[in-house]
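So the structure is just underneath, and the comments pick up after that.
Residues: numbered from 1 along the sequence shown.
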Amino acid sequence: MEIGFLGLGIMGKAMSMNLIKKGFKVTVWNRTLSRCDELVEMGASVGETPAAVVKKCKITIAMVSDPAAALSVVFDKDGVLEEISSGKGYMEMSTIDPETSCKISEAITSKGGSFVEAPVSGGYKHAETGQLVIIAAGDKALFDEAILALNVMGKKSFYLGQVGNAARMKLVVNLIMGTMMTTFSEGIGLAERSGLNPSDLLDILDVGAMATPLLKAKGPNMIKSNFPTAFPLKHQQKDMRLALALGDENAVSTPVAAAANEAYKKARSMGLGNLDFSAVLEVVKPYKD
Ligand SMILES: NC(=O)C1=CN([C@@H]2O[C@H](COP(=O)(O)OP(=O)(O)OC[C@H]3O[C@@H](n4cnc5c(N)ncnc54)[C@H](OP(=O)(O)O)[C@@H]3O)[C@@H](O)[C@H]2O)C=CC1
Ligand SMILES: O=CC(=O)O
């Protein structure tokens, strides 16, 4: 099956490479077209516009930065809407808010296409190896049709029913992850400042009830003040912002997450937005050198 792929950032590049390696024919597009070159070397075709990709492919996936980018790819000139039609499917895998996802879904279905939202949990290493957790909702027939591709990209796919549910679930998951990272950062800072070896803290956490792949992956770099970008901090702050809006809408009080969001905002204002989200350590640790 020919799969279209829009957006070749950290995640899109890894996901589309994995699809190609597993034998899928993939046609790619990226706003900065030169980013397609590496994929072409692996056997991908290039579409000059999102519309050209949709015209060629039965199913097209989008993996772009945020709600504005997701809307632009669909609604702008040469966008997805110009070629979507009956028999074609569109899968929005970017992390966006449920309102944006519903707006895209309505536009796609009004032209006869089918729509699934399928944001993912996990980073580019999981994407490269097909170990993402996929949280999907929307057209069940499209979900079933795409299951071979979903099984290549992810280790498990959850189907949550109507459009909006997966977007909401992903925001809840990332609210928890973003808050956990700020708490780890406070702990690492406190350990260091009070004369403890932060490496010992990581070892102790790793064998106890709070062991988590997140800290195992990020902790050793954090304690050396290294923040190689896997999940850009600006995207984690976007997810906190969208998750807090979900809390506002549902009158759910989330003071801990709101405080964490302030830390990510501050980190962005300090120019740390393109580093990994673990760079929030730089603003959260309870002292300055
Ligand atoms: N990185 C991670 O670990 C994870 C990220 N996510 C989510 O996946 C999505 C992608 O993340 P990631 O790959 O890290 O992000 P990147 O910042 O690496 O890539 C962003 C992509 O979006 C494109 N883009 C940005 N603005 C526009 C626009 N206006 N129109 C068209 N394309 C645009 C960029 O194109 P260009 O190259 O031209 O700039 C690029 O392809 C985000 O929603 C993120 O929250 C989910 C799970 C994990
Ligand atoms: O959305 C980010 C992730 O790591 O999951």
Side-chain angles (χ1 to χ4, degrees), residues 3 5-22 24 59 61-67 70 89-98 100-101 105 115-140 142-181 184 206 209-219 229-233 235-240 242-243 246 257 260 276-278:
I3 302 272
F5 211 106
L6 311 177
L8 302 176
I10 295 170
M11 292 300 282
K13 177 179 155 190
M15 291 159 79
S16 52
M17 279 184 169
N18 183 37
L19 283 168
I20 293 168
K21 281 188 197 145
K22 299 288 165 39
F24 282 85
I59 295 179
I61 292 169
M63 190 58 163
V64 293
S65 48
D66 55 19
Y90 190 61
M91 294 212 300
E92 180 56 78
M93 300 191 79
S94 323
T95 305
I96 58 174
D97 57 294
T100 302
S101 193
S105 172
F115 179 81
V116 160
E117 60 183 17
V120 303
S121 229
Y124 73 90
K125 288 193 177 148
H126 303 99
E128 280 170 356
T129 53
Q131 292 296 303
L132 294 168
V133 176
I134 297 172
I135 310 166
D139 189 296
K140 183 64 163 59
L142 174 58
F143 176 80
D144 290 340
E145 191 184 353
I147 199 69
L148 288 179
L150 292 172
N151 286 346
V152 160
M153 292 186 281
K155 63 178 175 187
K156 190 163 174 73
S157 292
F158 294 86
Y159 177 76
L160 303 188
Q162 67 183 18
V163 175
N165 286 349
R168 278 189 282 274
M169 183 64 85
K170 172 62 182 165
L171 293 180
V172 171
V173 168
N174 274 30
L175 173 144
I176 294 169
M177 183 170 77
T179 305
M180 277 169 71
M181 183 54 82
F184 288 149
D206 194 41
M210 284 170 288
T212 155
L214 180 66
L215 193 57
K216 202 174 177 62
K218 310 275 185 190
T229 310
F231 180 37
L233 187 145
H235 294 337
Q236 176 64 74
Q237 197 272 314
K238 172 255 306 177
D239 295 348
M240 297 305 286
L242 298 178
L246 187 63
D276 190 68
F277 78 118
S278 50

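Interatomic distance, Ile10 CD1 to Met63 CE, rounded to the nearest 0.5 Å: 10.0 Å. Interatomic distance, CG of Leu171 versus CG of Asp97, reported as 7.0 Å (0.5 Å rounding). Atom OH of Tyr124 sits about 14.5 Å away from atom CG of Asn18, to the nearest 0.5 Å. Going from atom CE of Met153 over to atom CG of Leu148 covers 10.5 Å, rounded to the nearest 0.5 Å. Here CE of Met91 is found 11.5 Å from CG of Leu6. Values are rounded to the nearest 0.5 Å.
Counting only distance, with no hydrogens or angles, the side chain of Glu117 and the backbone of Asn165 share a donor-acceptor pair below 3.5 Å. A donor-acceptor contact shorter than 3.5 Å is absent between the side chain of Asp206 and the backbone of Ala211. Side chain of Ser105 to main chain of Ser101: no donor-acceptor pair is present (N/O by atom type, distance under 3.5 Å, no hydrogens or angles). At least one donor-acceptor pair closer than 3.5 Å links the side chain of Thr212 to the backbone N or O of Leu214. In this structure a side-chain-to-backbone donor-acceptor pair under 3.5 Å is present from Lys238 to Ser65. No donor-acceptor pair under 3.5 Å is formed between the side chain of Lys155 and the backbone N or O of Val133.
At a threshold of 4.5 Å between non-hydrogen side-chain atoms, the residues Phe115 and Asp139 do not count as touching. Residues Ile61 and Ser16 fail the side-chain proximity criterion, which asks for heavy atoms closer than 4.5 Å. When side chains are defined from C-beta on, Met169 counts as touching Leu160, because their heavy atoms get closer than 4.5 Å. Contact of the Met177 side chain with the Gln236 side chain is registered, since non-hydrogen atoms from C-beta on lie closer than 4.5 Å. At a threshold of 4.5 Å between non-hydrogen side-chain atoms, the residues Met210 and Leu215 do not count as touching. Proximity of Met15 to Leu132: side-chain heavy atoms (C-beta onward) are separated by under 4.5 Å at one or more points. Under the 4.5 Å side-chain criterion, counting only non-hydrogen atoms from C-beta, Thr179 is in contact with Met240. Using a 4.5 Å heavy-atom threshold, the side chains of Thr100 and Glu92 count as separate.
Remark: Lys140 qualifies as a cation-pi partner of Tyr159 under the 6.0 Å distance and 45° angle criteria applied to the six-membered ring.
Considering every non-hydrogen atom in both Phe231 and Lys218, the closest pair reads N-NZ, 4.5 Å. Between Ile134 and Leu150, the shortest heavy-atom contact is CD1-O, 3.4 Å. Listed here is the closest heavy atom pair of Ile96 and Ala70: CG2-CB, 4.1 Å. Of all non-hydrogen atoms in Ser94 and Val64, the two that sit nearest each other are OG-N, 2.8 Å. In plain terms, the two heavy atoms of Thr95 and Asp239 that are nearest each other are CG2-OD1, 3.3 Å. Closest heavy-atom contact between Phe5 and Gly12: CE2-CA, 3.5 Å.
Around atom NZ of Lys156, no more than 12 heavy atoms belonging to other residues, nucleotides or ligands sit under 6.0 Å away.
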